[in-house]
Amino acid sequence: MHIRPVPFDHPDAVKLNDQVQAEYAERYEDDGDATHLDARMFAPPLGLYLIAYDERDRPVATGGWRTQDENDEGYTDGDAELKRMYVVPEARGLGLARRILAALEDDARAAGRVRMVLETGTKQPEAVALYTSSGYEPCVKFGYYRFHELSLCYAKAL
């Protein structure tokens, strides 16, 4: 497995984003995550988007971070927001999400961000387990889904 940075609008990123959106839609019985994202949000130094590729160069996992500062959606200055963490079903259990998470945290820290924040949901217990075992703690809700009862928000000092 190898992990490399790609633009958020790279064809492999689009493919994996479509897959994670389908999983969100199935788990939450809706249309997926409605948070507005575009490629500029993940372009260094404002963020980073990573894809893990298997030995046959197939995209199997993804994740990114984007800069956030104080705004009316509940973010604070110095935040880096984790987005679109996803591992295809056949590659789960290999530690890819943990590797991507660590790489994103390192990059956000190097970019001067002081806190990594993320939003997940009550119907994603695997995500909650990953984040809590990686040092994330519940925090005040923020972002697009801050008023939704199924939303869970976590933060970790970088």
Side-chain angles (χ1 to χ4, degrees), residues 1-21 23-24 32-53 59-88 91-92 94-122 124-148 150-158:
M1 300 283 177
H2 59 283
I3 298 172
R4 64 180 182 243
V6 300
F8 183 68
D9 56 1
H10 182 281
D12 291 338
V14 171
K15 175 183 174 181
L16 290 176
N17 188 57
D18 289 347
Q19 290 177 9
V20 72
Q21 290 292 350
E23 188 162 323
Y24 293 157
D33 187 348
T35 304
H36 170 74
L37 300 175
D38 69 54
R40 294 175 302 220
M41 295 174 175
F42 298 96
L46 299 176
L48 180 69
Y49 202 76
L50 300 174
I51 294 183
Y53 290 87
V60 294
T62 188
W65 74 267
R66 64 180 180 160
T67 295
Q68 291 287 359
D69 285 311
E70 186 174 354
N71 63 34
D72 62 356
E73 288 192 351
Y75 297 96
T76 62
D77 285 347
D79 282 352
E81 183 183 18
L82 191 66
K83 296 301 293 178
R84 296 301 190 263
M85 290 289 292
Y86 177 70
V87 179
V88 299
R92 292 179 183 168
L94 302 175
L96 292 174
R98 195 168 300 279
R99 286 177 55 196
I100 288 175
L101 179 61
L104 293 171
E105 289 172 349
D106 289 346
D107 188 74
R109 186 180 302 109
R113 299 281 96 189
V114 297
R115 182 175 82 144
M116 185 71 85
V117 298
L118 66 94
E119 188 269 338
T120 188
T122 59
Q124 294 169 261
E126 311 90 335
V128 171
L130 169 69
Y131 301 132
T132 57
S133 70
S134 298
Y136 286 80
E137 297 182 352
C139 67
V140 174
K141 287 185 176 184
F142 58 84
Y144 184 86
Y145 291 100
R146 65 192 176 281
F147 303 116
H148 290 239
L150 300 179
S151 173
L152 301 170
C153 291
Y154 292 87
K156 178 182 177 179
L158 295 174

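All values reported here derive from a predicted model rather than from experimental measurement.
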Under the side-chain contact (heavy atoms from CB on, under 4.5 Å) rule, what do K83 and T35 come out as? Steps first, then yes or no, please. CA-CA 10 Å; K83 296 301 293 178; T35 304; 3.8 Å; yes

Pairwise side-chain contact, K141 with L152, heavy-atom cut-off 4.5 Å (strictly under): no

Do R4 and H2 pair up side chain to side chain, a donor and an acceptor below 3.5 Å, judged on atom types alone? yes

The reported gap from CE in M116 to OH in Y131 (rounded to nearest 0.5 angstrom) is 9.5 Å

Would you check, one step at a time, whether the test salt bridge (Lys or Arg N to Asp or Glu O under 4.0 Å) holds for R84 with E119? CA-CA 10 Å; R84 296 301 190 263; E119 188 269 338; over 6 Å; no

Mind checking what makes side chain to side chain contact (heavy atoms under 4.5 Å, CB included) contact with P138, not counting sequence neighbours? Y154

Could you tell me whether the side chain of H36 reaches within less than 4.5 Å of the side chain of M41, counting heavy atoms only? yes

K156/E105 ion pair, N-O < 4.0 Å: yes

State, to 0.1 Å, how close L46 and W65 come at their nearest heavy-atom pair, and which atoms those are. O-CZ3, 3.4 Å

R115 side chain vs A80 backbone, donor-acceptor pair below 3.5 Å: no

Minimal non-hydrogen separation, V60 against L16, with atom names: N-CD1, 4.4 Å

Is there a side-chain contact between L82 and V117, using heavy atoms and a 4.5 Å cut-off? no

Pair E73-Y144, side-chain donor/acceptor within less than 3.5 Å: no

Least distance between heavy atoms, S151 atom then Y145 atom: CB-O, 3.3 Å

Distance-only, no hydrogens or angles: does the D9 side chain make a donor-acceptor pair with backbone N or O of A39 under 3.5 Å? no

Measure from the side-chain N and O atoms of H148 to the backbone N and O of L150, and report whether any donor-acceptor pair falls under 3.5 Å. no

Do N17 and Y86 have side-chain N/O donor and acceptor atoms under 3.5 Å apart? no

Go through I3 and Y53 one step at a time and tell me if the side-chain contact (heavy atoms from CB on, under 4.5 Å) criterion holds. CA-CA 6 Å; I3 298 172; Y53 290 87; over 6 Å; no

With a 4.0 Å cut-off, would you call R146 and D72 a salt bridge? no

Can you tell me if E70 and T76 form a side-chain donor-acceptor pair at under 3.5 Å? no

Rounded to the nearest 0.5 Å, how far apart are CG of L96 and CG of L50? 12.0 Å

Over all atoms of both residues, closest heavy-atom pair of D79 and R113: O-NH1, 2.9 Å

Of all heavy-atom pairs between V114 and D77, which one has the smallest distance, and what is that distance? CG2-O, 4.0 Å

On a heavy-atom basis, which atom in G121 and which in V128 lie closest, and how many Å separate them? O-CG2, 4.2 Å

Dump the intermediate steps for salt bridge (Lys or Arg N to Asp or Glu O under 4.0 Å) on D38 and R66, then the final yes or no. CA-CA 10 Å; D38 69 54; R66 64 180 180 160; over 6 Å; no

Decide side-chain contact (heavy atoms from CB on, under 4.5 Å) for R98 and L130; before the verdict, give the C-alpha distance in whole Å, the side-chain angles of both, and the deciding distance to 0.1 Å. CA-CA 7 Å; R98 195 168 300 279; L130 169 69; 3.7 Å; yes

Hey, could you give me the SG/CG distance between C139 and L118, rounded to the nearest 0.5 Å? 7.5 Å

Has the side chain of T62 got a donor or acceptor atom that lies under 3.5 Å from a matching backbone atom of A52? no

Do the side chains of R109 and D106 get close enough for a salt bridge, i.e. N-O under 4.0 angstrom? yes

ring-ring contact (aromatic ring centres under 6.0 Å, His included) against F42, all qualifying residues, sequence neighbours excluded: F8, Y49

Value rounded to 0.5 Å, distance of SG in C153 from OH in Y136: 13.0 Å

